[in-house]
Amino acid sequence: MTAVTSLAHEPRWPASVAAAEAEQDRLRPLADLDDPGPVSAGLVAGLDVGYRDDEEVVGAVVVLDAATLEVVDQATARQRASFPYVPGLFAFRELPPLLAALDELTVRPELLMCDGYGVAHPRRFGLACHLGVLTGLPAVGVAKTAFVGTHEDPPPERGSWSEILLDGEVAGRALRTRDGVKPVFVSQGHRIGLENACAHVLRLSPAYRVPEPIRQADRLSRLP
DNA sequence: GCGACAG
DNA sequence: ATCTTGTCGC
């Protein structure tokens with residue numbers, strides 16, 4: 001790693017579903033969900049993965065200046081998919097290309113915004129938690145569809161939200177980033193509180209439903 | 001048991 | 001994720 005140097009924890013790549021689930025259980029206690037995290041961040045990285053011929057993945061990272069939304073740095077990593085898509089084990093498919101892309105950055109982001117879930121996950125350890133624990137950086141998960149738990153439809157105004165309940169506990173929020181548009185699903189990943197996580201997501205979504213860092217990463221991951 | 005299931 | 005046209009709305 002260059003700017004996102006020395007991983008806090010070495011990644012392990014399980015070869016079976018059972019081993020992958022065990023790895024999530026092993027890392028879950030390492031996710032810090034009590035740290036309220038940064039109230040404001042200068043550099044925020046959006047991460048996403050694009051797919052090609054079903055066997056190729058493209059990890060993309062775009063770092064934005066949170067104040068101006070200006071692109072400060074970006075990187076991609078193209079490789080063969082090393083794990084199949086299994087709901088709940090999403091991270092093992094997308095982590096390799098994302099870590100490789102992060103390795104190419106020349107700046108160190110203060111917050112990672114991931115396309116997927118954090119603790120709103122069957123084993124409470126989604127992609128955002130995994131990425132946060134491995135890098136040691138604050139991380140938040142932003143998903144476009146509901147995955148686990150229950151939630152009410154939040155009021156139609158931008159900024160309104162409702163709780164995502166999982167086993168009677170708050171696992172995240174359905175947050176409306178634009179008037180009258182479907183909400184996004186925000187959950188903690190690592191070293192950031194739900195309140196601050198939602199504040200960042202809302203602030204970084206001035207024009208579209210999906211936060212700008214993730215939109216940029218999504219666009220980059222589709223480029224030829 | 002069956003279907004649904006982040007991307 | 002990806003395969004895909006037109007269509008409604010601001």
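Protein chains get the first letters and strands the later ones, always in sequence-line order, with residue 1 at the start of each.
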### A/D179 (side chain) donor-acceptor with A/R158 (main chain) under 3.5 angstrom
yes
#### Entry: Sugar-phosphate, base or nothing in reach of A/G141, heavy atoms under 4.0 Å
nothing
### Message
Please check if the number of heavy atoms outside A/E70 that lie under 6.0 Å from its CD is greater than 12.
### Response
no
### Message
Looking at B/dG7 and A/Y85: do their rings stack (centroid distance under 5.5 Å, interplanar angle under 30°)?
### Response
yes
### Summary
When rounded to whole Å, the NE2 to P distance for the pair A/H151 and B/dA6 reads 12 Å
### Task
Nearest whole angstrom, please: distance from the P of B/dG7 to the CZ of A/R215.
16 Å
### Message
Any base atoms under 4.0 Å from A/R222, or only sugar-phosphate, or nothing? Heavy atoms, all strands.
### Response
sugar-phosphate
### Query
Could you give the CZ-to-C1' distance, from A/F147 to B/dA6, as a whole number of Å?
5 Å
### Query
A/E94 CD to C/dA1 C1': how many Å, rounded?
8 Å
### Query
Can you tell me if the side-chain N/O atoms of A/R93 get under 4.0 Å from OP1 or OP2 in B/dA6?
no
### Atom-to-atom span, NE2 of A/H121 to P of B/dG7 - whole angstrom
13 Å
### Query
Just how far, in rounded Å, is C1' of C/dA1 from CZ of A/R78?
15 Å
### Message
Is the phosphate of B/dG7 approached by A/K144 (side-chain N or O, under 4.0 Å from OP1 or OP2)?
### Response
yes
### Task
Mind checking A/A146 for me? I need base, sugar-phosphate or nothing, with any heavy atom below 4.0 Å counting as a touch.
sugar-phosphate
### A/D218 and A/R215: CA distance, side-chain angles, deciding distance, salt bridge (charged side-chain N to carboxylate O under 4.0 Å, His left out) verdict
CA-CA 5 Å; A/D218 176 79; A/R215 277 193 73 242; over 6 Å; no
### Query
What does A/L98 touch in the nucleic acid at a heavy-atom separation under 4.0 angstrom: a base, only the sugar-phosphate, or nothing?
nothing
### Task
Would you indicate, yes or no, if B/dG7 has its OP1 or OP2 atom less than 4.0 angstrom from a side-chain nitrogen or oxygen of A/T145?
yes
### Task
Compute the centroid of each ring, for A/F92 and then for A/H130, and state whether the two points are separated by less than 6.0 Å.
yes
### Message
Could you tell me how far apart A/D115 (CG) and B/dG7 (C1') are, to the nearest whole angstrom?
### Response
7 Å
### Message
Which nucleotide wins on minimum distance to the side chain of A/D48, given the candidates C/dT2, B/dG7, B/dA6?
### Response
B/dG7
### Task
Considering only NZ, NE, NH1 and NH2 on the basic side and carboxylate oxygens on the acidic side, decide whether A/R176 and A/D153 come within less than 4.0 Å.
yes
### Query
What is the distance, rounded to the nearest whole Å, between atom OH of A/Y117 and atom P of B/dA6?
8 Å
